[in-house]
Amino acid sequence: TQLLEQSPQFLSIQEGENLTVYCNSSSVFSSLQWYRQEPGEGPVLLVTVVTGGEVKKLKRLTFQFGDARKDSSLHITAAQPGDTGLYLCAGDGASNTGKLIFGQGTTLQVKP
Amino acid sequence: ETGVTQSPTHLIKTRGQQVTLRCSSQSGHNTVSWYQQALGQGPQFIFQYYREEENGRGNFPPRFSGLQFPNYSSELNVNALELDDSALYLCASSFSPGTYEQYFGPGTRLTVT
């Protein structure tokens, strides 16, 4: 069974601080996605990484896919209160099927 | 372009009852996947429908069943509800089963008492 371990589960930081969220597995994934979810809403796709070693930037967010395609990280620079939410990583298994396996999520609170 | 919609928003049922949840996929998308998200957890894959056929299933019992219609909208049916079925049920649509990007609806919050 493929699993994604996400850490930390909870993060409470002050505005302006940097943070990194990790997503690890012993399995290879064909692609890995990061979502952000607000209370009472569905997850919203932030980024998809496909190639081992790939780095993608979205404003203050930097996403990296591990060389072996088993792990990923999300780094936020100078966090803002608007970044508060649940961050989820999701992998698509060794072959691209669209049947996503999600991590447990990281709840981020950014205090002004 | 209309996004993914789900109905109802909230639902309260009694243990043993049956429930049907509905999802309209985003325009142009022919694949719908359903996920269950328990409180404080990440979503878990229930099953996927592609061109009106089930195209893969997660570790859920047969009392979870689904349908996809010719317009690609979909239903999730749960029979003999149990307390542990209380969760947020999410549907996601995509252009095809192998498309990386899935677009999620707002979910249906089911409470079983």
Side-chain angles (χ1 to χ4, degrees), chain A residues 1-10 21-25 29-51 54 56 58 63 65 69 72 74 85-108, chain B residues 3-10 21 23-26 29-51 54-60 66 74 87-111:
Chain A
T1 305
Q2 291 181 301
L3 290 173
L4 273 171
E5 298 286 338
Q6 208 172 321
S7 63
Q9 279 190 281
F10 300 98
V21 177
Y22 299 93
C23 185
N24 296 298
S25 176
F29 289 95
S30 61
S31 67
L32 202 137
Q33 300 174 3
W34 285 91
Y35 291 84
R36 182 176 151 198
Q37 186 176 21
E38 302 282 355
E41 297 180 11
V44 175
L45 180 66
L46 297 174
V47 77
T48 300
V49 285
V50 178
T51 307
E54 183 176 4
K56 281 192 173 179
L58 187 67
F63 304 86
F65 202 12
R69 291 186 291 133
S72 181
L74 157 61
L86 177 67
Y87 289 82
L88 294 159
C89 64
D92 198 355
S95 58
N96 205 27
T97 62
K99 304 171 183 74
L100 297 178
I101 297 162
F102 279 85
Q104 313 97 306
T106 295
T107 300
L108 172 64
Chain B
V4 179
T5 60
Q6 291 186 243
S7 63
T9 307
H10 295 90
L21 311 182
C23 171
S24 290
S25 61
Q26 189 163 313
H29 289 185
N30 62 21
T31 302
V32 172
S33 301
W34 285 91
Y35 294 83
Q36 180 195 65
Q37 186 176 23
L39 205 59
Q41 302 291 319
Q44 276 195 294
F45 174 74
I46 302 174
F47 43 55
Q48 181 184 86
Y49 276 84
Y50 171 57
R51 293 185 176 178
E54 186 178 291
N55 184 46
R57 187 179 186 92
N59 191 25
F60 281 81
S74 178
L88 181 68
Y89 288 85
L90 297 161
C91 83
S93 74
S94 57
F95 279 114
S96 71
T99 305
Y100 296 129
E101 288 80 13
Q102 295 191 25
Y103 296 88
F104 283 81
T108 293
R109 171 69 64 186
L110 172 65
T111 302

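In the text below, chain A, chain B and the rest are named by the order of the sequence lines, each starting its count at 1.
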Contacting moiety of E38(A), where chain B heavy atoms sit under 4.5 Å: neither
Can F102(A) and F45(B) be said to form a side-chain contact (heavy atoms from CB on, under 4.5 Å), step by step? CA-CA 8 Å; F102(A) 279 85; F45(B) 174 74; over 6 Å; no
Taking every non-hydrogen pair under 4.5 Å, which of P106(B), P43(B), S33(B), G107(B) racks up the most with chain A? P43(B)
Considering only heavy atoms and a distance below 4.5 Å, find which of S94(B), P97(B), G56(B) pairs most often with chain A. P97(B)
Count the heavy atoms belonging to other residues, nucleotides or ligands that lie under 6.0 Å from CZ of F60(B), then report whether that count exceeds 12. yes
Let's test your reading of the structure: which of L4(A), T107(A), V44(A), V50(A) forms the most heavy-atom pairs below 4.5 Å with chain B? V50(A)
Applying a strict 4.5 Å limit to non-hydrogen atoms, the region of Q37(B) in contact with chain A is side chain
In Å and rounded to the nearest 0.5 Å, what is the CG to CD distance from L90(B) to E41(A)? 11.5 Å
Between L86(A) and chain B, which part of the residue has a heavy atom less than 4.5 Å away: side chain, backbone, both or neither? side chain
Looking only at heavy atoms and a cut-off of under 4.5 Å, which of S31(A), G103(A), P43(A), C89(A) has the most pairs with chain B? P43(A)
Heavy-atom check, side chain of V47(A) versus side chain of E101(B), under 4.5 Å: no
What part of L100(A) is in contact with chain B, defined as an atom under 4.5 angstrom from a non-hydrogen atom: side chain, backbone, both or neither? both
So which of I101(A), T48(A), L45(A) has the biggest tally of heavy-atom pairs under 4.5 Å with chain B? T48(A)
Pairwise side-chain contact, N55(B) with K99(A), heavy-atom cut-off 4.5 Å (strictly under): yes
Test log, rule side-chain contact (heavy atoms from CB on, under 4.5 Å), inputs L88(B) and Q37(A): CA-CA 12 Å; L88(B) 181 68; Q37(A) 186 176 21; 3.9 Å; yes
Please classify the contact between F47(B) and chain A as side chain, backbone, both or neither, with a heavy-atom cut-off of under 4.5 Å. neither
